[in-house]
Asks: 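This is the structure I have questions about; it appears just below.
Bear in mind the structure is a predicted one, so any value in this text is a computation, not a measurement. One is the number of the first residue; the rest follow in order along the sequence. Counting convention: from 1, in listed order, for ligands and their atoms alike.
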Amino acid sequence: MPCPYNYGWNNMSETTIENRIKPEVLAQPVYRVKTPAHRIKLNQNECPWDWPQALKAEVTDRLAETAWNRYPSLIPERLKVQLADRLAVSADQIIIGKGSNEVLQALFRITLQPLDVVCTLSPTFAVYRLLAEQHQARLAASPLSADFQVNPDDLSDRSAEARLTILCSPNSPTGTLVPIETIEQVATNARGLVVVDEAYADFSRVTALPLLERCPDLIITRTFSKAFALAGFRLGYAVMGRELAQEVQKGLLPFNVDLASQVAAEVLLDHTDLVEERITSLIRERDQLIARLNRLPGVTAWPSQANFFLLSTLLSARETFEGLAEQGILVRDVSGYPGCASVVRVTVGTPEENEALVQALERMV
Ligand SMILES: Cc1ncc(COP(=O)(O)O)c(C=O)c1O
């Protein structure tokens with residue numbers, strides 16, 4: 001039977017790239033992050049503080065004692081147990097990936113067939129669209145309101161028949177939450193799996209984890225890249241029901257998590273007091289910074305439950321981005337996202353970095 005997706009396969013004598021690559025991939029722009037030279041980096045929602053040297057030494061000492069010529073554990077069992085203790089779930093409910101991006105990729109890979117529907121919010125994290133397109137799925141995006149809030153009924157309707165629903169909470173780039181009641185409503189009504197991407201949940205202190213007990217189709221993804229300040233290593237995970245976890249694991253290739261990332265995360269999870277302290281400081285900084293920026297003439301900083309927020313000035317988003325870049329401050333121009341034409345996204349930095357941001361904006365407005 002001819003396959004509807006045999007793009008150019010019958011014309012293989014024409015040896016062009018177009019015949020070899022999926023059209024959905026050819027149509028995608030290359031993923032780029034605008035990165036002019038800068039001294040203050042507020043564009044990727046990382047933790048502004050690196051790990052103390054003593055802690056890094058603990059990681060490198062442990063790595064030095066381990067054989068590098070051997071594969072790491074097939075599945076990082078020790079790390080799973082540490083995470084399970086922290087989250088009060090069982091270790092067999094957890095799967096671990098190279099960043100939550102890899103976990104998301106596995107979820108798309110194991111669920112989607114061409115023309116399946118993926119339901120998301122709009123605007124939201126760009127990787128969902130990228131993955132949906134590469135799996136030849138159709139996107140059903142539920143638009144956020146002008147102040148970036150979810151419309152629960154619209155979302156529920158759109159997700160009902162979706163093979164996969166993916167909700168980012170707090171959402172990027174908006175910083176707004178999907179209310180827990182809405183997540184439960186969606187997870188109850190939807191026929192497919194419902195993923196809640198909680199990359200920034202440490203900063204909202206709101207999690208859908210308790211819903212796992214009564215929503216068997218719910219999956220929660222988390223990352224070590226943000227509050228845990230481990231973006232340089234690549235580590236993320238997902239929590240779900242046991243049986244589902246067994247299937248999702250199949251979407252990850254064997255030995256996906258390298259030794260260094262496993263060891264770094266294991267060491268970090270023995271120092272979560274420091275992580276908690278930093279989260280508390282960043283939440284305080286975020287709230288003070290947003291309040292302060294809103295007192296500047298012509299500046300709007302949107303309320304946020306994450307470690308970043310949206311910002312507009314009387315200038316265009318591009319001019320705001322460039323005006324800050326000229327002063328050495330790198331933010332994210334998200335004006336291409338639906339509903340975000342006039343805004344940039346700013347990561348909360350150290351108190352000194354935030355002070356520099358305020359002063360730079362004072363010079364611009
Ligand atoms: C909402 C969201 N989800 C997932 C990720 C991916 O994180 P990582 O692959 O570093 O775990 C990011 C990174 O920026 C993000 O903003």
Asks: Atom 3 (N) of ligand 1: which protein heavy atom is closest, and how many Å away?
Replies: Asp197 OD2, 2.6 Å

Asks: Just checking Phe308 against Tyr200, ring centres under 6.0 Å apart?
Replies: yes

Asks: Atom 9 (O) of ligand 1: which of Glu198, Gln44, Arg234 has the nearest heavy atom?
Replies: Arg234

Asks: Does an N or O from Lys98, backbone or side chain, lie closer than 3.5 Å to an N or O of ligand 1?
Replies: no

Asks: On the six-membered ring of Phe203, is Lys226 placed so that its NZ or CZ lies under 6.0 angstrom from the centre and within 45° of the ring axis?
Replies: no

Asks: Tell me which one of Gly97, Ser172, Ser100, Ala126 gets a heavy atom nearest to atom 7 (O) of ligand 1.
Replies: Ser100

Asks: Determine the minimum heavy-atom distance between Glu161 and Arg191, stating which atoms define it.
Replies: OE1-NH1, 2.8 Å

Asks: For Asn101, is at least one N or O under 3.5 Å away from an N or O on ligand 1?
Replies: yes

Asks: Is the closest heavy atom of Cys168 to ligand 1 under 4.0 Å?
Replies: yes

Asks: Can you tell me the protein heavy atom closest to atom 13 (C) of ligand 1 and the distance?
Replies: Lys226 NZ, 3.3 Å

Asks: Less than 4.0 Å is my threshold; does some heavy atom of Gly99 fall inside it relative to ligand 1?
Replies: yes

Asks: Could you tell me if Thr207 and Glu198 have a donor-acceptor pair between their side chains, going purely by distance under 3.5 Å?
Replies: yes

Asks: Looking only at protein heavy atoms, identify the closest one to atom 12 (C) of ligand 1 and say how far it is in Å.
Replies: Phe125 CZ, 3.3 Å

Asks: Closest heavy-atom contact between Gly323 and Met364?
Replies: C-SD, 3.6 Å

Asks: For Ser225, take its heavy atoms, then give the atoms of ligand 1 lying under 4.0 Å from any of them.
Replies: 8 (P), 10 (O), 11 (O)

Asks: Work out which heavy atom in Val118 is nearest to a heavy atom in Ala132; give both atom names and the distance.
Replies: CG2-CB, 4.1 Å

Asks: Please state which part of Tyr200 comes within less than 4.0 Å of ligand 1, counting heavy atoms only: side chain, backbone, both or neither.
Replies: side chain

Asks: Between the side chains of Thr176 and Asn171, does any donor sit under 3.5 Å from an acceptor?
Replies: no

